Every structure is written in C-alpha cells, then in structure tokens.
Amino acid sequence: MTTQADPTAPNRVLVLNSGSSSVKYQLLDMGDHGRLASGLVERIGEEGGVADHGEALRQVARRLADQGVGLDSPALAAIGHRVVHGGTRFTEPTVITDEVLAEIEKLVPLAPLHNPANITGIKVARELRPDLPQVAVFDTAFHSTLPEAAARYAIDAATADRFGIRRYGFHGTSHAYVSRATAELLGRPVAEVNTIVLHLGNGASASAVRGGVCVDTSMGLTPLEGLVMGTRSGDIDPAVVFHLQRVGGMGTEEIDTLLNKRSGLLGLCGANDMREIGRRIGEGDRDARLAFDVYVHRLRRYVGAFTAVLGRVDAIAFTAGVGENSAAVRAAAMSGLEHLGIELDPVHNAVRASGPRVVSTAASRVAVAVVPTDEELEIARDTYALARS
Ligand code: ADP
C-alpha cells in the first residue's frame, strides 16, 4: 500500500461509461482532480455513428492520443468502468479479472439493456491495456446496505429468491458522492448526518442515507421503479401490465418500451426536458402543467416516506440536471413542509450557481442543498484507491 505521495507514480485514471449507444469518457488527474480530457462517442451501431463498442473505444483511444494523453502513457494508473448492475455479488468496487468478468456476464438477465455494453467496454479496454488495473464500479453497490425490510418485495419468497427479485437500486455512485459532499458542505462528519438525496436527471431516484449508509432507495429490481422520470413511469400498479396485456392486447416488449421509453414526463406531455416543460407552462400549456404536477407530487411522496424511514433528517440534497438547475422543481417539492422543519429560502433557491450550496433559510431545521453530482470523480477515486492498494 502506497501511503506517501510519490510524484513520479502514475496518477491518472480513465473513467469509461459504456452505455447502450454511447461511450462517455473522462481522464482525471488524481493529484488535483483536474480533467485532462473528456468526451462522448455517440450513435454506436446507428447510422452516422461508429459500428460497435470496440470501434467506439478505439476512437476514444485515438482522441486521447491526439491530445497527448494516450492510453500508452506511463502516467495512466488504471481504468475505471461504470457497471450498472452488480446484483448481490458485487457490493464494492472490484478489480476486474476473468472470473469477475464472468460473474458480471451472469448478471446480464438482471440488466439486459445496460450490462452488455458495460461488458464490451471492459473487454476492449483490457485488450488495449492488458497490463493496467481495471476496476468495475457498480451503480447498485451503494444500496447493498439496504435492510432486508427495505430491499424485499412482498412476493412469494421462493420465487423471489429463484429469480433474484429484490430492490437493488441504481445511481449509487451519485448517491454516495452527493451524500458525502452534503455532509462536507454542512461541515459535519458524514457519520452524523442523515440525508435524503434526490438525483433528478433524465433518470431519477431518491435515497435515504443514514450516517453515510444507504437505508432506502426508490429504484428497484430495475431503474423503472420510483420517481417520475424523463421517459419512465416510475411507480405504477403492476396490474397495469396485466391490463395492457389482457385488454390492450399488448406484448411484453411493447409494454417494456411503453413504461421505459414513452412514459414519465414525455408520456404525460410530449416533452422530457424540464426546460421545455417550464417554457410551455409559461405559455399556459395544460399538459405540461399536469406533467410537472405529477412529477412533483411523486417527489414529495418520497420525501415524506424517507423522512419517516430516517426519523431525523438533517439534509435534503438536490442533484443532477433537474435537481441542480430547476429552482421551480425545488420550490414546488419543498413548499408547505414547514411542519417537517423544511424552509426553503426563495432568494437562495433562485440563485444560479455551479457549486454546492445551501438553499434553505437559517432557521430551517433541515438543510436543503443543491449539490452537483460527479459520478466520474467518484468512480475515479474508487478505481485509484483499489489500483494503489
Ligand atoms: P442524465 O440522466 O442523462 O445524466 P442529467 O443529469 O444530465 O441527465 O439531466 C438531464 C435533464 O436535466 C434534462 O433532460 C433536463 O430535463 C434537465 N435540465 C438540464 N438543465 C436544466 C435547466 N437549466 N433547467 C431545468 N432542467 C434542466
């Protein structure tokens, strides 16, 4: 284990996030957390894009080389991969070996839309730099501490066990980063702070974090459960599915697409971007208004539920695209909650800024904060820590 900082030791980490049709990358200097390079290769397998993930990663490698920070650099310490589903097998960042890769492949049925792309990214990166430590950082890992009472669905236990049906939760890297950054913002040890984290991006999830340990989360077996999202329904009565099959004559794939891609804000009003919804509300659009109201109603439900789960709430942290940028969503979600000790400061809330900040009043018992997430930095830290140990 290296304890002393060695200025000649490799200290760069490449973070790869291989999605179904894109690869995002960031190269970080772990000395000062500076971004040396970042970018996105899109439309993988689509017209006008690159053929496959292999080609996408080779393009990333070429771009890095062009910028003078190529994959062959001796300064590169490790490559960190975002992996969506770690099942119950992976509860921590893990150095990738053949055995680990085989285990991740076994989890594909739990995340058929996500894990295959992550796996391809890992394979190609290992071909490009077989000598380098490569680390998998799982989106589910932070939620592995959920108590059984929160993780279990109330269905036949044998069926649940046989098919791995339970709440896993996602966006864990973000929830971990933001809950820690919130404690830092408040100047308190993370072990003493209870936080509700609201990650509101295109995908959206809430988590209840007690002293740095996640005790509840809104996403479940898949990222479909919980909050209203850009294109996902979030919570619905599961019997809606049977109804659509029996009465609507719809097939499984069709319903999957409906709930994941054509629901949420998009399904309600035809737009999934909160900026457009805000504009349309300003023009008097009633569908946009309803979409906003359904979104906020669900959010408030989870704030109430997680307040009950935590007992004492010290902070509510808003993060990701909507959480960081939409003062209107924050104001609507927090309004009328004075009886819970929540008092938003309208002036602070309206300020546009990029850093973490408190947006509640000085008298508010619960600190409401905007805390920009940084999943890449969190993955890089986890990766670097393992690579050096
Ligand atoms: P992803 O889940 O794709 O990582 P992000 O966290 O980047 O998503 O969030 C994207 C969403 O953030 C957009 O769809 C949009 O709804 C919202 N958003 C971004 N900027 C703003 C803004 N200035 N005001 C309101 N919403 C915004």
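Start at 1 and go down the list; that is how both ligands and their atoms are numbered. Predicted model only: the values in this text are computed from it and were never measured.
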Atom 6 (O) of ligand 1: any protein heavy atom closer than 4.0 Å: yes
In the protein, what heavy atom is nearest to atom 4 (O) of ligand 1, and what distance, to one decimal place, separates them? K24 NZ, 4.7 Å
Yes or no on side chain to side chain donor-acceptor pair (under 3.5 Å) for Y302 and D235, after CA distance, side-chain angles and deciding distance? CA-CA 11 Å; Y302 272 91; D235 296 336; 2.5 Å; yes
Hydrogens and angles aside, do T91 and S144 bring a side-chain donor and acceptor to less than 3.5 Å of each other? no
Is the closest side-chain donor-acceptor distance between T120 and H53 under 3.5 Å? no
Work out which heavy atom in N260 is nearest to a heavy atom in T231; give both atom names and the distance. O-OG1, 2.8 Å
Could you find the nearest protein heavy atom to atom 23 (N) of ligand 1 and give me its residue, atom name and distance? N325 CB, 3.4 Å
How close does the nearest protein non-hydrogen atom get to atom 25 (C) of ligand 1, and which residue and atom is it? R275 CG, 3.7 Å
If you measure only the distance, is there a donor-acceptor pair under 3.5 Å linking the side chains of R63 and Q67? no
Among all protein heavy atoms in this structure, tell me which lies nearest to atom 27 (C) of ligand 1, with the distance rounded to 0.1 Å. G321 O, 3.7 Å
Nearest-option assignment for atom 16 (O) of ligand 1, heavy atoms, candidates E276, M274, R352: M274
Using a 4.0 Å cut-off to any heavy atom of G203, which atoms of ligand 1 qualify? 2 (O)
Where on N272 is there a heavy atom closer than 4.0 Å to ligand 1, on the side chain, on the backbone, on both, or on neither? backbone
With a cut-off of 4.0 Å, which atoms of ligand 1 are near a heavy atom of A320? 6 (O)
Report yes or no: does a heavy atom of G230 sit under 4.0 Å from some atom of ligand 1? no
Anything under 3.5 Å between a donor and an acceptor, one on a side chain of residues 75-83, the other on a protein residue two or more places apart or in another chain? List them.
| unit_1 | atom_1 | unit_2 | atom_2 | d |
| --- | --- | --- | --- | --- |
| H81 | NE2 | Q134 | OE1 | 2.7 |
| R82 | NE | D139 | OD1 | 3.4 |
| R82 | NH1 | N17 | OD1 | 3.4 |
| R82 | NH2 | D139 | OD2 | 2.7 |

Taking only heavy atoms of V322, which atoms of ligand 1 are found under 4.0 Å from at least one of them? 12 (O), 16 (O), 17 (C)
So does G226 get a backbone contact from the side chain of R298, meaning a donor-acceptor N/O pair under 3.5 Å? yes
Atom 15 (C) of ligand 1 [closest protein heavy-atom partner, distance rounded to 0.1 Å]: D273 OD1, 3.3 Å
Let's go through H85 and F90 carefully: what are the C-alpha distance in whole Å and the side-chain angles of both, what is the deciding distance for ring pair (Phe, Tyr, Trp, His ring centres under 6.0 Å) to 0.1 Å, and is it a yes or a no? CA-CA 9 Å; H85 217 306; F90 296 105; over 10 Å; no
Short N-O contact, R167 and E225, less than 4.0 angstrom: yes
Is there at least one pair of N or O atoms, one from L200 and one from ligand 1, spaced under 3.5 Å apart? no
How far is atom 8 (O) of ligand 1 from its nearest protein heavy atom, and which residue and atom name does that atom have? N202 N, 3.3 Å
